[in-house]
2 protein chains.
Amino acid sequence: MELNKAVAAFAALSQPTRIDIFRLLIKSGPEGMAAGSIAAVLDVKQNTLSANLSVLLHAGLVKNQRQGRSIRYYADMDGLRNILSFLMQDCCGGQSAICQPLIDEIANAC
Amino acid sequence: MELNKAVAAFAALSQPTRIDIFRLLIKSGPEGMAAGSIAAVLDVKQNTLSANLSVLLHAGLVKNQRQGRSIRYYADMDGLRNILSFLMQDCCGGQSAICQPLIDEIANAC
DNA sequence: TATTTAATTCCATATATCATGAAATATGGA
DNA sequence: TCCATATTTCATGATATATGGAATTAAATA
């Protein structure tokens, strides 16, 4: 992963509504949530939510899929794994073998 | 941890130089690095580096300690653990007991 | 085809962030 | 005290981001 992608991912999470969205999607797991439901739960206007979902989408932190009229959004655990791995690369005094498996487990568990 | 702190932490990491700094400090482990050394390694102007270190400091991602003329900076693994925990709260379909220990291990291992 | 629901795009305004030069502060040594 | 080194603080112009209203696209259904 390059620096630019990591920047985009962290920038995506550097806004309260977007953190709320991402946490909500992590909580809702593989079922995900329709954009409209997210807007309702978080009490955010449709267009504002759409813009924020778009940021998370391009940052690789969420995925989406149209389902009839609605579009369902899901947390992208691979995206999360990527930024964590990037951040912790060469940690533990270069012995990143200690941390790396833990990061993988987190992404796989959810 | 409240939302505002998480926002500050992610905002701190949403800038290339600051990611570089944080990764450098993670890599350098408990020994940390003097501000001047960081500036030299990353080829960043002193005042620019100082401003960026300050952002990371207030975000709780790095710690510092004066040592003679220089000020040494260290990655704050507790800070990292906090934002990861916040993000993953209620993950795994509410069974966050699966992820939480992994997050703790990461922070402790380094 | 017309209507309703769902979500996005466009545009304008307000706000926040960035890197930098210049000046200030803190420490250690002569 | 005077000077050099290390780092921070301040002010600023340039750039980026957030938000909401209005218009638009897309899908389902009658």
Side-chain angles (χ1 to χ4, degrees), chain A residues 3-25 28 31-76, chain B residues 3-25 28 31-76:
Chain A
L3 185 60
N4 288 340
K5 289 195 177 177
V7 169
F10 287 120
L13 292 172
S14 70
Q15 204 273 355
T17 303
R18 289 196 296 261
I19 292 191
D20 285 340
I21 295 170
F22 189 63
R23 298 216 307 156
L24 193 56
L25 290 178
S28 63
E31 291 184 21
M33 279 182 83
S37 309
I38 301 173
V41 171
L42 299 181
D43 191 26
V44 177
K45 290 221 179 357
Q46 267 188 335
N47 55 357
T48 298
L49 180 86
S50 179
N52 283 322
L53 280 173
S54 170
V55 172
L56 287 166
L57 197 59
H58 288 107
L61 289 171
V62 308
K63 296 173 290 189
N64 67 0
Q65 189 174 15
R66 180 172 278 276
Q67 219 166 57
R69 285 199 257 219
S70 9
I71 296 180
R72 250 185 141 64
Y73 281 84
Y74 313 86
D76 186 338
Chain B
L3 185 59
N4 287 340
K5 289 195 179 178
V7 170
F10 288 119
L13 292 173
S14 70
Q15 203 273 355
T17 304
R18 290 197 294 262
I19 292 190
D20 285 340
I21 295 169
F22 189 64
R23 298 215 306 157
L24 193 56
L25 290 177
S28 62
E31 291 183 20
M33 279 183 83
S37 309
I38 300 172
V41 169
L42 299 181
D43 190 26
V44 176
K45 290 219 176 3
Q46 268 189 334
N47 55 358
T48 298
L49 180 86
S50 179
N52 283 323
L53 280 173
S54 171
V55 172
L56 287 165
L57 196 59
H58 288 107
L61 290 170
V62 307
K63 297 174 289 190
N64 67 359
Q65 190 173 17
R66 181 171 278 278
Q67 222 167 53
R69 285 199 259 218
S70 7
I71 296 180
R72 245 180 147 66
Y73 281 84
Y74 314 86
D76 186 337

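So that the names make sense, note that chain A is the first sequence line, chain B the second, and so on, each numbered from 1.
- Within the 3.5 Å criterion, the main-chain N or O of Met33(A) finds no donor-acceptor partner in the side chain of Ser37(A).
- Taking the side chain of Arg18(A) as heavy atoms from C-beta on, and the options dA18(D), dA7(C), dA19(C), the nearest nucleotide is dA18(D).
- Within the nucleic acid shown, Arg72(B) has no heavy atom closer than 4.0 Å to any nucleic acid atom.
- Among the heavy atoms of the strands lying under 4.0 Å from Ser50(B) is at least one base atom, whether or not backbone atoms are also near.
- If you measure from atom CD of Gln46(A) to atom C1' of dA26(D), you get 13 Å, rounded to the nearest angstrom.
- Where Leu53(B) and Ser14(A) meet DNA chain D, the nucleotide closest to each residue was compared, and Leu53(B) sits on the side nearer the 5' end.
- Taking CD1 of Ile19(A) as the reference point, atom CG of Asn52(A) lies at 11.5 Å (rounded to 0.5 Å).
- Between Asn47(A) atom CG and dA6(C) atom P the separation is 16 Å, expressed in whole Å.
- Rounded to an integer number of Å, the gap from Phe10(B) CZ to dT17(D) C1' is 18 Å.
- Of all nucleotides listed (dT19(D), dA6(D), dG20(D)), dT19(D) comes nearest to the side chain of Thr17(A).
- Remark: P of dT17(C) and NE2 of His58(B) are 14 Å apart, rounded to the nearest angstrom.
- Side-chain proximity of Arg69(B) to the nucleotides dG20(D), dT19(D), dT27(C) is greatest for dT27(C).
- In this structure, Gln67(B) and Leu49(B) both approach DNA chain C, and ranking their closest nucleotides by distance from the 5' end singles out Leu49(B).
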- [ ] List the steps and the verdict of side-chain contact (heavy atoms from CB on, under 4.5 Å) for Leu53(B) and Ser50(B).
- [x] CA-CA 5 Å; Leu53(B) 280 173; Ser50(B) 179; 5.7 Å; no
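- Judged by distance alone, the side chain of Arg66(B) and the main-chain N or O of Gly68(B) form a donor-acceptor pair under 3.5 Å.
- In this structure, the CD1 atom of Ile21(A) is 11 Å from the P atom of dA18(D), given to the nearest Å.
- When heavy atoms are screened at a 4.0 angstrom cut-off, Ala11(A) is found touching no nucleic acid atom at all.
- For Arg66(B), counting side-chain heavy atoms from C-beta on, the closest listed nucleotide (dT8(D), dA26(C), dT8(C)) is dA26(C).
- Partner assigned to dT27(C) is dA4(D), using Watson-Crick or G-U wobble distances below 3.5 angstrom.
- Residues Gly68(A) and Gln15(A) both approach DNA chain D. Their nearest nucleotides, taken by heavy-atom distance, put Gln15(A) toward the 5′ side.
- The CG atom of Leu57(A) sits 14 Å away from the P atom of dA7(C) (whole-angstrom rounding).
- Between Lys45(B) atom NZ and dT8(D) atom P the separation is 17 Å, expressed in whole Å.
- Formation of a donor-acceptor pair under 3.5 Å by the Arg72(B) side chain with backbone atoms of Glu31(B) is found in this model.
- Of the candidates dT20(C), dC18(C), dT8(D), the closest approach to any side-chain atom of Ile71(B) belongs to dT8(D).
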Chi angles and distances behind the side-chain contact (heavy atoms from CB on, under 4.5 Å) call for Arg18(A), Phe10(B) | CA-CA 11 Å; Arg18(A) 289 196 296 261; Phe10(B) 288 119; over 6 Å; no
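- The residue Asn52(B) sits close only to the backbone: its heavy atoms come under 4.0 Å of sugar-phosphate atoms, none of a base.
- Contact check, Tyr73(A) against dT8(C): a side-chain N or O comes under 4.0 Å of OP1 or OP2.
- Side-chain proximity of Thr48(B) to the nucleotides dA19(C), dA6(C), dT27(C) is greatest for dA19(C).
- Per the geometry, CG belonging to Leu13(A) stands 15 Å off P belonging to dT17(D), to the nearest Å.
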